Amino acid sequence: MPQNSSFCVLRTFLWPLSSLLVFSSYSSRPLLLHRRKMASHVVGYPRMGPKRELKFALESFWDGKSSAADLQKVSQDLRCSIWKQMSDAGVKYIPSNTFSYYDQVLDATAMLGAVPQRYGWSGGEIGFDTYFSMARGNASVPAMEMTKWFDTNYHYIVPELAPDTKFTYASHKAVSEYKEAKALGIDTVPVLIGPVTYLLLSKPAKGVEKAFPLLSLLGNVLPVYKEVIAELKAAGASWVQFDEPTLVMDLDAHQLEAFTKAYSELESSFSGLNVLIETYFADVPSEAYKTITSLNGISGFGFDLVRGTKTLDLIKSSGFPIGKYLFAGVVDGRNIWANDLAASLNTLNDLEAVVGKDKLVVSTSCSLMHTAVDLVNETKLDAEIKSWLAFAAQKVVEVNALAKALAGHKDEAFFSANAAAQASRKSSPRVTNQEVQKAAAALKGSDHRRATDVSARLDAQQKKLNLPILPTTTIGSFPQTMDLRRVRREYKANKISEEEYVNAIKEEINKVVKLQEELDIDVLVHGEPERNDMVEYFGEQLSGFAFTVNGWVQSYGSRCVKPPIIYGDVSRPRPMTVFWSSMAQSMTSHPMKGMLTGPVTILNWSFVRNDQPRFETCYQIALAIKKEVEDLEAAGIQVIQIDEAALREGLPLRKSEQAFYLDWAVHSFRITNCGVKDTTQIHTHMCYSNFNDIIHSIIDMDADVITIENSRSDEKLLSVFREGVKYGAGIGPGVYDIHSPRIPSTEEIADRINKMLAVLESKILWVNPDCGLKTRKYTEVKPALTNMVSAAKLLREQLASAK
Ligand SMILES: *[C@@H]1O[C@H](CO)[C@@H](O)[C@H](O)[C@H]1NC(C)=O
Ligand SMILES: *[C@@H]1O[C@H](CO)[C@@H](O)[C@H](O)[C@H]1NC(C)=O
Ligand SMILES: *[C@@H]1O[C@H](CO)[C@@H](O)[C@H](O)[C@H]1NC(C)=O
């Protein structure tokens, strides 16, 4: 990465002076007293900035509206302020190289010079051109693939490796960041993605034999790691952190051996350096624990003790290597709740008894990049709720307060304020709703199934709905125009009256209904013009949810999401969608689908309570949605779609936990609609097609019709059914990809339907696009849907004449 450190150098002169004057946001002590560094560590920190400064700088640079120097300046400013903030808080082990212009795994790819051939890189330090081409692609070359980072909502760029990939040291970013901080007077711990995790997260490059073992490249990447380590040592680094989160996965003996091999080979270059192996996101299985704690040359091990409570037991029962440091991740990096400091201090005291004094370091459970940045300016949050929360900036202070307490310098005022907040959260009537608790508790022991089986229900529904064979529908949303967004914004800001708002939305719904009638679609939607987001829209109307102004979390590159916070028992004070759905139904004689977001998806796209199990919160949401389903039915809506876009996304990392999750997730879905009449048709929509492994759970959801995103591969999806899975409900695999502006022809769509008919019975097949149309333009949607309906009609004729 190109770097320019003039800004930071300038700040070096200002900083010591200003720190005498600034007061920490938590306690009112001058920072000078914090100068003695306690044993505290932060695994990583959000990069975006409190107001998403990096996002805007990146996008402006990509649009050609600002220069590389502008981008570097904003980035440097962010890094400096983060380091300074941690240093001011008194953190001893401050991470560097956790900043990234796009993604930390892509940074590792750049460091190793593992640039896929199509980017035409010919050596030398990797600059913005090559880096952003890999991340985003451009008009002539596609981007590298992106996938989820473990079970977070962060997405990393997947390295593409081949047996002949040449690894060379091609990005000195880790060293430049270390030096940049050092110039500020801050000695940091450079963070590198560990070599084994890097390889395990890679995929074979296109065209390479699938069976090619990625770990066979270990010997080739280690020399680059050695160069980086040597350079970091020369620059003065005394610690290096290797992130090896794959250690929490289900690894086999061969994969575990790779850790031994890698770190034994690096051992000689570690002399004079302290090395930390950091893990996160779950407990470390005992075999993996044994493997890494037996390594020589490693000074410390970091564990996630929030999600990995079993690791805690392991440390206590199996012991911990003598003389090594334990980095105890007790402050949750995945959520927004204030730490229960008293409870953490107890845990830390227990651990100190095992590892010995001076060997225990207080840490975060993982990088703080998975939580929101700073609570300080969330002025719209209710004060009581705010007192229960801690974002990244507040978590840094918590880590240090715990370290100080452990060292015998407990900040009593800080601890008692925290204890008061914990107590208020436990007893607050905002959190507990007895009625909801009772209703959720009563769910236990029954599996909430509709009384009639699906084929009989489909017959009853068909009698009422009288749909043609291969019925057509869409997934829910129609294009959202600038005008529409303006209307919603103005209504929210009280700039237009409720009446004006309702009229504007009504007009839009009418337009969408008329269009679908013209297109001759069979089951209509109202188009969702009143909704901003499929979770926020419901969260805003349910009790138990709070919303932030700037609680952004990076999802990938410059993209961030702002999850709602579920803080209390969830209930539905009044109907949420009935008004609009019945209005839409009154405009047409076709069936109008009611559109709801399912409980698992609402849960998964929010920050969730940590004071009760996830499934309990999910059941509460399910009960709220159930009421809505029943009100829609009572209002005459005969088809109701309950989206579970995130069902698969929520699968736990470890296989041993997946069955339990699927059980309550599927149960939650069934709770929402177990009470409807046979004649009411329940649809659901899924945003993925590779569910071979969970198909039995999908069937167990017992929906009448499932529509599926299927843009990339009909084959993958259809193979499930070809393999003899018994499936009797309706199914609508998307017949065209809405993510592309391309307009599919009638023939092309007919061809895809034909392929599906070869595997699925005609009486269960639906014809629909693969996702909502919100992000498309009407000029794309009209011709595409016209062709979709013609294709369905063409096939109907063919099926009729074949009889
Ligand atoms: C796309 O990226 C490649 C690789 O960095 C570069 O060689 C090419 O010039 C870029 N093309 C365009 C149109 O920007
Ligand atoms: C939903 O939960 C899963 C598992 O915890 C996670 O991987 C996924 O990113 C979550 N989705 C969102 C939008 O947070
Ligand atoms: C909070 O708001 C104040 C006043 O507008 C501003 O000076 C400060 O930079 C903000 N802090 C963060 C972290 O956003």
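Given the structure is predicted, the values throughout are model-derived calculations rather than measurements. Atoms within each ligand, like the ligands themselves, are counted from 1 in listed order.
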Sub-4.0 Å protein heavy atom next to atom 4 (C) of ligand 3 =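 Within 4.0 Å: no protein heavy atom nearby.
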Indicate whether atom 11 (N) of ligand 3 is within a distance of less than 4.0 angstrom of some protein heavy atom.
->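 Looking at atom 11 (N) of ligand 3, one finds that a protein heavy atom does lie closer than 4.0 Å.
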Number the atoms of ligand 2 from 1 as they appear, then name those within less than 4.0 Å of a heavy atom of [X], with their elements.
| X | result |
| --- | --- |
| Lys148 | 6 (C), 7 (O), 8 (C), 9 (O) |
| Trp605 | 11 (N), 12 (C), 13 (C) |
| Asn153 | 9 (O), 11 (N), 12 (C), 13 (C), 14 (O) |
| Asn604 | 1 (C), 2 (O), 3 (C), 8 (C), 10 (C), 11 (N), 12 (C), 14 (O) |
| Glu649 | 1 (C), 2 (O), 3 (C), 4 (C), 6 (C), 7 (O), 8 (C), 9 (O), 10 (C), 11 (N), 12 (C), 13 (C) |

Chi angles and distances behind the side chain to side chain donor-acceptor pair (under 3.5 Å) call for Glu536, Trp605 | CA-CA 9 Å; Glu536 195 165 286; Trp605 293 358; over 6 Å; no
Which of the numbered atoms in ligand 1 are under 4.0 angstrom from any heavy atom belonging to [X]?
| X | value |
| --- | --- |
| Asn138 | 1 (C), 2 (O), 3 (C), 8 (C), 10 (C), 11 (N), 12 (C), 14 (O) |
| Ser140 | 1 (C), 10 (C), 11 (N), 12 (C), 13 (C) |
| Tyr119 | 4 (C), 5 (O) |
| Val141 | 1 (C), 2 (O), 3 (C) |

Does the side chain of Tyr102 come under 3.5 Å of the side chain of Asp107 through a donor N or O and an acceptor N or O?
->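 Asp107 and Tyr102 do not have a side-chain donor-acceptor pair below 3.5 Å.
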Would you please say whether a donor-acceptor pair under 3.5 Å links the side chains of His685 and Glu644?
->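 No, Glu644 and His685 have no side-chain donor paired with an acceptor closer than 3.5 Å.
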Starting from [atom], what is the nearest protein heavy atom, named by residue and atom, and what distance separates them?
| atom | value |
| --- | --- |
| atom 6 (C) of ligand 2 | Asp151 O, 3.0 Å |
| atom 9 (O) of ligand 2 | Thr152 O, 2.8 Å |
| atom 8 (C) of ligand 3 | Asn377 ND2, 3.8 Å |

Check: Asp374 N/O within less than 3.5 Å of ligand 3 N/O =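 By distance alone, the answer is no.
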So that I can tick it off, tell me whether [Y] and [X] are bridged by a salt bridge, with the cut-off set at under 4.0 angstrom between side-chain N and carboxylate O.
| X | Y | result |
| --- | --- | --- |
| Arg670 | Asp700 | yes |
| Glu145 | Lys206 | no |
| Asp382 | Lys386 | no |
| Asp533 | Lys562 | no |

Quick one: is the NZ or CZ of Arg334 closer than 6.0 Å to the six-membered ring centre of Phe281, and within 45° of its axis?
->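 Yes, a cation-pi geometry holds between Arg334 and Phe281.
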Which of parallel (below 30°), tilted (30 to 60°) and perpendicular (above 60°) describes Tyr619 and Phe615?
->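 Ring orientation, 0 to 90° scale: perpendicular.
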Parallel, tilted or perpendicular for Trp149 and Tyr280, by the 30°/60° rule?
->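 Judged by the thresholds at 30° and 60°, the geometry between Trp149 and Tyr280 is tilted.
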Please work out whether any backbone atom (N, CA, C, O) or any side-chain heavy atom from C-beta onward of Asn550 is under 4.0 Å from ligand 3, and answer side chain, backbone, both or neither.
->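 Looking at Asn550 and ligand 3, no heavy atom falls under 4.0 Å.
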With a cut-off of 4.0 Å, which atoms of ligand 3 are near a heavy atom of Pro50?
->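 Going through ligand 3 atom by atom, the ones under 4.0 Å from Pro50 are 13 (C), 14 (O).
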Numbered atoms of ligand 3 (with element) below 4.0 Å of Val376, judged on heavy atoms =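 By the 4.0 Å cutoff, the relevant atoms are 13 (C).
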Does Arg614 reach ligand 2 with a nitrogen or oxygen that is under 3.5 Å from one of the ligand's nitrogen or oxygen atoms?
->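 No; the residue has no nitrogen or oxygen that sits under 3.5 Å from a nitrogen or oxygen of the ligand.
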4.5 Å side-chain heavy-atom contact, Ser67 and Phe61 =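 No, too far: nothing below the 4.5 Å cut-off.
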Taking side chain as C-beta onward, heavy atoms only, is Gln104 less than 4.5 Å from Phe99?
->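 Counting from C-beta outward, Gln104 and Phe99 never come under 4.5 Å.
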Whether Gly120 lies under 4.0 Å from ligand 1, heavy atom =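 No; Gly120 lies far enough from ligand 1 that no heavy-atom distance drops under 4.0 Å.
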